[in-house]
**Q** 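First the structure, which I've put down as structure tokens, then a few questions once you've had a look.
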Amino acid sequence: MSINITLPDGSVQEHQDGTSGYEIATGIGSRLAKAAVAVTVDGEMWDLHRPIEDDAAISIVTDNTEAGRHVIRHSAAHIMAQAVLDLYADAKFAIGPAIEDGFYYDFEVDEPFTPEDLERIENRMAAIIVEDQSFDRGELSIEEAMETFANQPFKREIIAGVDADEGVDGDSVSIYRNDAFIDLCRGPHLPSTGRLKAYKLTRSAGAYWRGDEKNPQLQRIYGTAWESKKALDTYQTRLEEAAKRDHRKLGAELDLFSFPQELGSGLAVWHPKGGILRRTVEDYSRRTHAEFGYEYVVTPHLAKADLWETSGHLDFYRETMYPAMELDGGEERPGQEYFVKPMNCPFHILIYKSRGRSYRELPLRLFELGTVYRYEMSGVIHGLMRARGFTMDDSHIFSTETQLADELQRLLDFVVMVLRDFGFDEFEADLSTKPDKAVGEPDLWVKAEEYLATALDKSGVTYQLAPGEGAFYGPKIDIHIKDAIGRRWQLSTIQVDFAQPENFDLEYATNHNTKERPVMIHRALLGSIERFIGILTEHYAGAFPPWLSPVQVTVVPVADRHNEYAQEVADLLGERDVRVEVDTADDTVGEKIRTAIVQKNPVVLVVGDSDVDNGTVGMRLRGEETEERGVALADATNQIAELVAPPR
RNA sequence: GCCGGGGUAGCUCAGGGGUAGAGCAACGCACUCGUAAUGCGUAGGCCGCGGGUUCAAAUCCCGCCUCCGGCUCCA
């Protein structure tokens with residue numbers, strides 16, 4: 001019997017039933033067949049050699065596509081598990097998926113893996129690959145599978161949990177066998193182990209079964225796998241490039257900040273150059289907030305337990321707060337508990353409550369660069385990205401229900417403007433909606449979610465819905481940016497809050513002199529200033545836009561006799577608010593230029609005899625191959641003043 | 001917090017029971033130079049902290065601190 005195979009270009013080929021993706025690929029061309037790793041049959045990924053019995057639309061999956069690499073990585077995970085089970089007879093294996101850029105597999109073993117173990121496993125994998133064992137697909141009933149994996153508790157747990165849409169059908173599962181190794185798997189796989197060309201085991205780590213720290217901790221081995229040695233090399237180069245951008249490394253090299261061990265984990269000190277960077281960001285933040293109708297406030301770093309009781313933080317957030325300190329106690333009587341603030345909201349609420357509020361004052365936008373402390377688990381601290389003390393560009397907006405839609409729109413436009421000013425152009429948002437357990441009137445939830453969605457649409461920010469992911473007290477928008485090397489970072493948050501106005505019994509007088517409860521919006525644009533500067537550092541690889549660069553211009557005198565003129569040039573620039581340094585070190589011109597470039601300073605001015613005579617400078621701009629000599633001083637200062645001007 | 005790997009000069013790293021090392025940076029001297037590293041010299045160390053083993057510990061053992069990677073990506 002013959003069947004009709006529809007190819008991606010729409011053409012239809014006639015084949016014998018029981019043909020395979022591999023045969024079809026071979027018919028099209030030997031190069032395609034060679035690159036093929038799997039086939040999609042009516043949208044479902046199949047093994048290359050699995051017989052196709054009916055008419056179908058197919059597409060050959062080649063090894064240099066993301067789908068193809070997924071197959072390669074998944075197969076690599078199997079081969080690794082096989083190697084581990086060969087070497088460690090008692091190992092229990094759990095799950096081993098393909099992930100971005102690689103794969104992992106989790107095992108329960110007596111002793112955690114050491115780097116030497118990884119080497120042994122890698123060698124064993126090489127032997128399995130040389131044997132070129134074929135991956136054979138099979139199906140087992142649930143009972144048979146339970147039997148087959150009698151000694152594999154994790155596999156049995158998975159089998160017990162399969163849904164109809166995960167297994168072949170409701171009561172059977174698919175398995176893959178190569179040589180004596182059998183794994184429960186949806187597939188598809190490479191035709192044989194010999195097709196794994198380029199792989200590397202990268203690290204081992206503890207990982208909780210199903211990601212839950214209440215479950216036993218398994219040993220996870222991570223690896224990477226690619227279609228060719230060359231692709232693997234490219235990947236490794238990419239990692240090295242990313243490592244060069246690491247803000248912790250650049251922070252030290254550019255003398256921006258450090259994390260002295262004497263201070264404590266997760267706490268940074270800002271050096272003078274980092275201080276300039278930070279102040280520039282903060283000044284921008286204060287300036288733009290003022291322009292957008294925010295009122296600047298300042299609040300203390302601690303507050304009594306009562307406040308955190310009322311706000312609910314002690315109930316919901318206590319383990320992330322620094323522990324209480326008891327103050328003002330005496331011999332006889334107990335003291336009062338104080339907590340360092342993990343958030344600024346209760347303080348802003350107290351400012352709202354400091355007197356009666358009228359509808360005429362709303363929306364009231366209180367803004368603070370508020371420094372908070374959070375006791376993050378020691379294992380998650382990561383430079384400025386995850387610190388224990390940081391400063392938020394935090395604001396709480398108190399608005400009437402009827403103002404909410406406009407206010408959210410205005411806010412979102414503000415966010416987009418700010419992020420663009422820092423050089424981010426690609427945004428994506430998540431809109432998180434009402435979870436099952438929630439406070440606040442259902443009507444109000446629906447309205448608020450609708451306003452948020454409308455605001456996103458109008459601002460042209462693409463977004464994904466995260467149903468049920470909102471906090472219990474209100475819906476929110478999270479905004480992610482994409483950095484220069486394609487990574488996503490969550491930056492801004494806009495969180496509607498129906499609970500706090502209730503907790504603190506907030507109200508305002510309406511135009512009929514009745515009392516109404518305001519709605520509250522928590523929002524941060526840059527989020528943590530520390531983290532934001534970390535992200536900026538990595539985005540720009542330390543080469544900050546001129547308005548943010550701690551040193552904007554370095555003046556290099558060719559010889560000592562030009563020092564005086566160099567200083568005159570610097571003074572002129574200083575008058576134009578340009579941050580400028582004169583390098584009078586006893587180095588060669590080449591060395592001084594190199595130092596300025598390595599420090600990623602945007603402008604280097606070289607001055608020598610001819611410049612002194614003619615009132616000119618030699619100007620080298622960051623990112624340009626060559627310098628421009630003999631630039632008239634007035635032209636240079638004008639050009640530089642323009643270059644370093646902030647976006648607004 | 002849990003699992004693994006680290007902590008030696010300001011930085012990057014070598015050394016692994018018996019005298020503490022290199023390169024870069026710093027400092028000094030010479031050179032006064034026109035666009036990415038001039039030469040020579042000098043100084044710099046509680047080998048993360050505490051305890052133990054030993055005739056002897058940077059090195060071996062124990063505890064702590066701290067840094068790095070992982071603990072979401074569901075056969």
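Numbers restart at 1 for each chain; the letters A, B, ... are given by sequence-line order, proteins then strands.
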**Q** Side chains of His74(A) and His189(A): any donor to acceptor distance under 3.5 Å?
**A** no
**Q** Any salt bridge linking Lys482(A) with Glu428(A)? Criterion: basic side-chain nitrogen under 4.0 Å from a carboxylate oxygen.
**A** no
**Q** Rounded to the nearest angstrom, tell me the gap between atom CZ in Phe259(A) and atom C1' in rC65(B).
**A** 17 Å
**Q** Tell me the partner of rU53(B), counting only Watson-Crick (N1-N3 plus N6-O4 or O6-N4) or G-U wobble (N1-O2 and O6-N3) with both under 3.5 Å; none if nothing fits.
**A** none
**Q** Nearest to the Arg629(A) side chain among rA25(B), rC73(B), rU35(B), which nucleotide is it?
**A** rU35(B)
**Q** Between Asp101(A) and Thr224(A), does any side-chain donor sit less than 3.5 Å from a side-chain acceptor?
**A** no
**Q** Between Glu253(A) and Gln599(A), do the side chains contain a donor N or O and an acceptor N or O under 3.5 Å apart?
**A** no
**Q** What's the closest nucleotide to the side chain of Val598(A) if the choices are rA36(B), rC74(B), rA30(B)?
**A** rA36(B)
**Q** Write down the partner of rA58(B) under the Watson-Crick or G-U wobble criteria, each distance required to be under 3.5 Å.
**A** none
**Q** What is the nucleic acid contact for Arg210(A), judged by heavy atoms within less than 4.0 Å: base, sugar-phosphate only, or nothing?
**A** base
**Q** In terms of side-chain heavy atoms of Ile597(A), which of rA37(B), rC71(B), rA36(B) is nearest?
**A**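 Within the option list, the nearest is rA36(B).
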**Q** Quick one: does Arg620(A) reach the base of rU35(B) with a side-chain donor-acceptor pair under 3.5 Å?
**A** yes
**Q** Kindly point out which of rU66(B), rG34(B), rA75(B) is positioned nearest to the side chain of Ser265(A)?
**A**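 Given the options rU66(B), rG34(B), rA75(B), the side chain of Ser265(A) is closest to rU66(B).
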**Q** Using only modelled atom types and a 3.5 angstrom limit, is any donor from either the side chain of Asp587(A) or the base of rC33(B) paired with an acceptor on the other?
**A** no
**Q** Which base, if any, makes a Watson-Crick or G-U wobble pair with rG69(B), both distances under 3.5 Å?
**A** rC3(B)
**Q** Examine the side chains of Asp117(A) and Thr114(A) and answer whether a donor and an acceptor come within less than 3.5 Å of each other.
**A** yes
**Q** Examine distances only and state if a side-chain atom of Arg245(A) and a backbone atom of Glu538(A) form a donor-acceptor pair shorter than 3.5 Å.
**A** yes
**Q** Arg203(A) has a side chain; which of rG69(B), rA75(B), rC33(B) sits nearest to it?
**A**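 The nucleotide sitting nearest to the side chain is rG69(B).
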**Q** Applying a 3.5 Å limit to both distances, which nucleotide forms a Watson-Crick or G-U wobble pair with rA30(B)?
**A** rU38(B)
**Q** I need the CD1-P distance between Ile381(A) and rC71(B), as an integer number of Å.
**A**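 The answer, rounded to whole Å, is 17 Å.
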**Q** Look at the side chain of Arg561(A) and decide which nucleotide, out of rA75(B), rC68(B), rC33(B), has an atom nearest to it.
**A**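 The nucleotide sitting nearest to the side chain is rC33(B).
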**Q** Mind checking Thr626(A) for me? I need base, sugar-phosphate or nothing, with any heavy atom below 4.0 Å counting as a touch.
**A**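 Nothing: the residue Thr626(A), judged by heavy atoms under 4.0 Å, touches no strand.
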**Q** Do nucleotides 1-9 of chain B as a string where each nucleotide becomes B, S or -: B if the base has a protein heavy atom under 4.0 Å, S if just the sugar-phosphate does, - if no protein is that close.
**A** BBBSS----
**Q** Of all the nucleotides listed (rU32(B), rU38(B), rC74(B)), which has the minimum atom distance to the side chain of Ile95(A)?
**A** rC74(B)
**Q** Between Tyr222(A) and Arg203(A), is there a cation-pi geometry (under 6.0 Å to ring centre, at most 45° from the normal)?
**A**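 Yes - Arg203(A) lies over the ring of Tyr222(A), closer than 6.0 Å to its centre and within 45° of its axis.
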**Q** Just the rounded figure in Å: distance from P of rA36(B) to CZ of Arg622(A).
**A**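 Result: 17 Å.
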**Q** Start at the 5' end of RNA chain B and walk down; is the nucleotide closest to Val589(A) or to His78(A) reached first?
**A**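 It is Val589(A) whose nearest nucleotide is closer to the 5' end.
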**Q** P atom, rA25(B) versus rG41(B): distance in rounded Å?
**A** 15 Å
**Q** Tell me which nucleotide among rC74(B), rG34(B), rG70(B) gets nearest to the side chain of Val558(A).
**A** rG34(B)
**Q** Among the candidates rC71(B), rA75(B), rU32(B), find the nucleotide nearest to the side-chain atoms of Lys155(A).
**A**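 Selected nucleotide: rA75(B).
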**Q** Determine whether the side chains of Trp209(A) and Gln217(A) contain a donor N or O and an acceptor N or O closer than 3.5 Å.
**A**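 Looking only at side-chain atoms, Gln217(A) and Trp209(A) do not form any donor-acceptor pair under 3.5 Å.
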**Q** Round to a whole Å and report the spacing from CD of Gln599(A) to P of rA25(B).
**A**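 The distance from CD of Gln599(A) to P of rA25(B) comes to 13 Å, rounded to the nearest Å.
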**Q** Is a side-chain donor-acceptor pair under 3.5 Å present for Tyr105(A) with Asp183(A)?
**A** yes
**Q** Under a 3.5 Å cut-off for both contacts, is rG10(B) paired Watson-Crick or G-U wobble with anything, and if yes, with which nucleotide?
**A**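 The base-pairing partner of rG10(B), which may sit in any strand shown, is rC24(B).
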**Q** So, OP1 or OP2 of rG70(B): does either fall under 4.0 Å of a side-chain N or O from His382(A)?
**A**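 Checking rG70(B) against His382(A), no side-chain N or O comes under 4.0 Å of OP1 or OP2.
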**Q** Searching all strands shown, indicate the nucleotide that pairs with rU19(B) (Watson-Crick or G-U wobble; both distances under 3.5 Å).
**A**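 The answer is none; no pair meets the criterion.
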**Q** In whole Å, what separates the C1' atom of rU54(B) from that of rA37(B)?
**A** 48 Å
**Q** Does rC64(B) have a Watson-Crick or wobble mate here (both distances under 3.5 Å), and if so which one?
**A**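 rC64(B) is paired with rG48(B).
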**Q** If each of Gly264(A) and Thr588(A) is mapped to the nucleotide of RNA chain B with the nearest heavy atom, which maps nearer the 5' terminus, i.e. the 5' end?
**A** Thr588(A)
**Q** Just by distance, no angles: are the side chains of Asp106(A) and Gln219(A) close enough, under 3.5 Å, to form a donor-acceptor pair?
**A**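 Distance-only check fails for Asp106(A) and Gln219(A).
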**Q** If you take atom types as modelled and just measure distance, does the side chain of Asp611(A) reach the base of rG34(B) with a donor-acceptor pair under 3.5 Å?
**A** yes
**Q** When you get a sec, tell me which of rG69(B), rC73(B), rU35(B) is the closest nucleotide to the side chain of Ile99(A)?
**A** rC73(B)
